[in-house]
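Written below as structure tokens is the structure these notes are about.
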Amino acid sequence: SSDQIEQLHRRFKQLSGDQPTIRNLRKGPSGLADEINFEDFLTIMSYFRPIDTSMDEEQVELSRKEKLRFLFHMYDSDSDGRITLEEYRNVVEELLSGNPHIEKESARSIADGAMMEAASVCMGQMEPDQVYEGITFEDFLKIWQGIDIETKMHVRFLNMETMALCH
């Protein structure tokens with residue numbers, strides 16, 4: 001809605017320091033985008049729209065796939081249609097880098113274990129000489145099957161004036 005866009009614009013201005021762009025966001029093979037403008041910010045935030053109660057089952061499934069495709073592309077940094085072990089390690093290491101209790105090797109082990117689990121879900125029992133080349137989008141859908149992404153991946157719109165009082 002126009003009210004939500006106004007709220008997002010106020011939040012964008014807070015995040016950007018009242019500049020026309022936000023800098024240093026994860027994107028692309030280099031891992032970082034130089035900057036993102038408000039239009040890009042709105043596009044990204046649109047993936048986090050809550051499910052509309054008037055949607056039919058087909059529309060809900062389409063929304064789910066759009067959200068999952070967005071998540072998939074966050075991991076698939078070289079955009080080749082496959083999340084490799086290296087790409088997954090990079091994301092896990094980045095996500096856990098703010099935790100002083102988890103070392104890089106531990107993050108790497110977590111990523112390796114998760115990728116092994118993904119391989120078993122997607123490929124079943126593998127032969128010892130068989131190599132799992134990475135997670136395709138179809139594999140990604142299998143992995144997320146049964147997980148309620150629709151209610152977990154959405155943004156609630158809070159009153160920004162109230163939020164300012166909390167700082």
Side-chain angles (χ1 to χ4, degrees), residues 1-84 86-102 107 110-111 114 118 134-167:
S1 71
S2 60
D3 285 344
Q4 292 171 328
I5 291 172
E6 284 179 34
Q7 287 179 10
L8 284 171
H9 190 256
R10 284 194 298 272
R11 184 64 178 143
F12 178 84
K13 287 172 66 173
Q14 284 180 325
L15 293 170
S16 69
D18 213 16
Q19 297 297 312
T21 60
I22 299 173
R23 297 188 174 276
N24 295 330
L25 295 174
R26 183 175 168 11
K27 183 180 177 182
S30 67
L32 295 176
D34 289 333
E35 58 190 17
I36 182 171
N37 63 27
F38 181 63
E39 186 176 321
D40 295 333
F41 182 75
L42 275 181
T43 300
I44 291 167
M45 294 306 293
S46 72
Y47 290 102
F48 296 91
R49 286 187 314 257
I51 295 295
D52 186 337
T53 54
S54 67
M55 290 177 146
D56 64 26
E57 198 172 309
E58 188 176 317
Q59 291 170 317
V60 169
E61 184 59 27
L62 181 61
S63 174
R64 174 184 173 75
K65 279 189 176 178
E66 286 175 356
K67 288 180 180 191
L68 289 173
R69 188 167 301 281
F70 174 77
L71 283 177
F72 180 82
H73 287 298
M74 288 178 62
Y75 291 96
D76 182 19
S77 62
D78 64 3
S79 301
D80 70 348
R82 190 175 300 274
I83 302 168
T84 64
E86 195 58 38
E87 288 170 321
Y88 192 69
R89 282 178 179 161
N90 290 339
V91 171
V92 171
E93 288 172 7
E94 186 177 317
L95 289 172
L96 298 178
S97 66
N99 186 331
H101 305 292
I102 298 180
I110 291 168
I135 301 170
T136 64
F137 183 65
E138 291 74 29
D139 293 342
F140 199 72
L141 291 175
K142 283 183 199 173
I143 292 165
W144 283 89
Q145 188 173 7
I147 297 172
D148 186 14
I149 192 76
E150 297 81 10
T151 58
K152 295 184 184 317
M153 190 176 159
H154 72 272
V155 173
R156 287 184 328 164
F157 286 88
L158 303 174
N159 183 325
M160 294 301 288
E161 286 71 34
T162 305
M163 296 260 313
L165 296 174
C166 297
H167 290 106

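Just so you know, these numbers come straight off a predicted model, no measurement behind them.
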Output the distance between atom [atom1] ([X]) and atom [atom2] ([Y]), rounded to the nearest 0.5 Å.
X	Y	atom1	atom2	answer
F12	I36	CZ	CD1	7.0 Å
H73	I83	NE2	CD1	9.5 Å
F70	S46	CZ	OG	8.5 Å
H9	Q4	NE2	CD	15.5 Å
L62	E57	CG	CD	13.0 Å
I110	L95	CD1	CG	10.5 Å

Testing the basics here: between [X] and [Y], what is the closest heavy-atom pair and its distance to 0.1 Å?
X	Y	value
I135	F72	O-CE1, 3.3 Å
A107	I102	N-CG2, 4.0 Å
V91	Y75	CG1-CE2, 3.4 Å
D76	G81	OD2-N, 2.8 Å

Under the side chain to side chain contact (heavy atoms under 4.5 Å, CB included) test, residues paired with L42 that sit two or more places apart: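 Scan of L42 (side chain to side chain contact (heavy atoms under 4.5 Å, CB included), adjacent residues dropped) gives I5, L8, F38.
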For T136, give me all partners under side chain to side chain contact (heavy atoms under 4.5 Å, CB included), at least two apart in sequence or on another chain.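 Listed in chain order: R82, E138, D139.
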Hey, mind stepping through R11 and Q14 against side chain to side chain donor-acceptor pair (under 3.5 Å) and telling me if it holds? CA-CA 5 Å; R11 184 64 178 143; Q14 284 180 325; 3.0 Å; yes
For T84, is there any backbone N or O sitting under 3.5 Å from a side-chain donor or acceptor partner on E87?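 Yes.
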Say whether, by atom type as modelled, one donor and one acceptor occur between the side chain of S63 and the main chain of Q59 under 3.5 angstrom.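 Checking the backbone N and O of Q59 against the side chain of S63, no donor-acceptor pair under 3.5 Å is found.
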With a 4.5 Å cut-off on side-chain heavy atoms, are L68 and L141 touching?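 Yes, at least one pair of side-chain atoms sits under 4.5 Å.
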[X]: salt bridge (charged side-chain N to carboxylate O under 4.0 Å, His left out) partners, not counting sequence neighbours:
X	answer
D56	none
E6	none
R64	E150
K65	none

Parallel, tilted or perpendicular: which fits the ring planes of W144 and F140, with parallel below 30° and perpendicular above 60°?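 Judged by the thresholds at 30° and 60°, the geometry between W144 and F140 is tilted.
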Run the salt-bridge test on R89 and E86 with the 4.0 Å N-O cut-off and return the result as yes or no.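 Judged by the 4.0 Å cut-off on N to carboxylate O distance, R89 and E86 do form a salt bridge.
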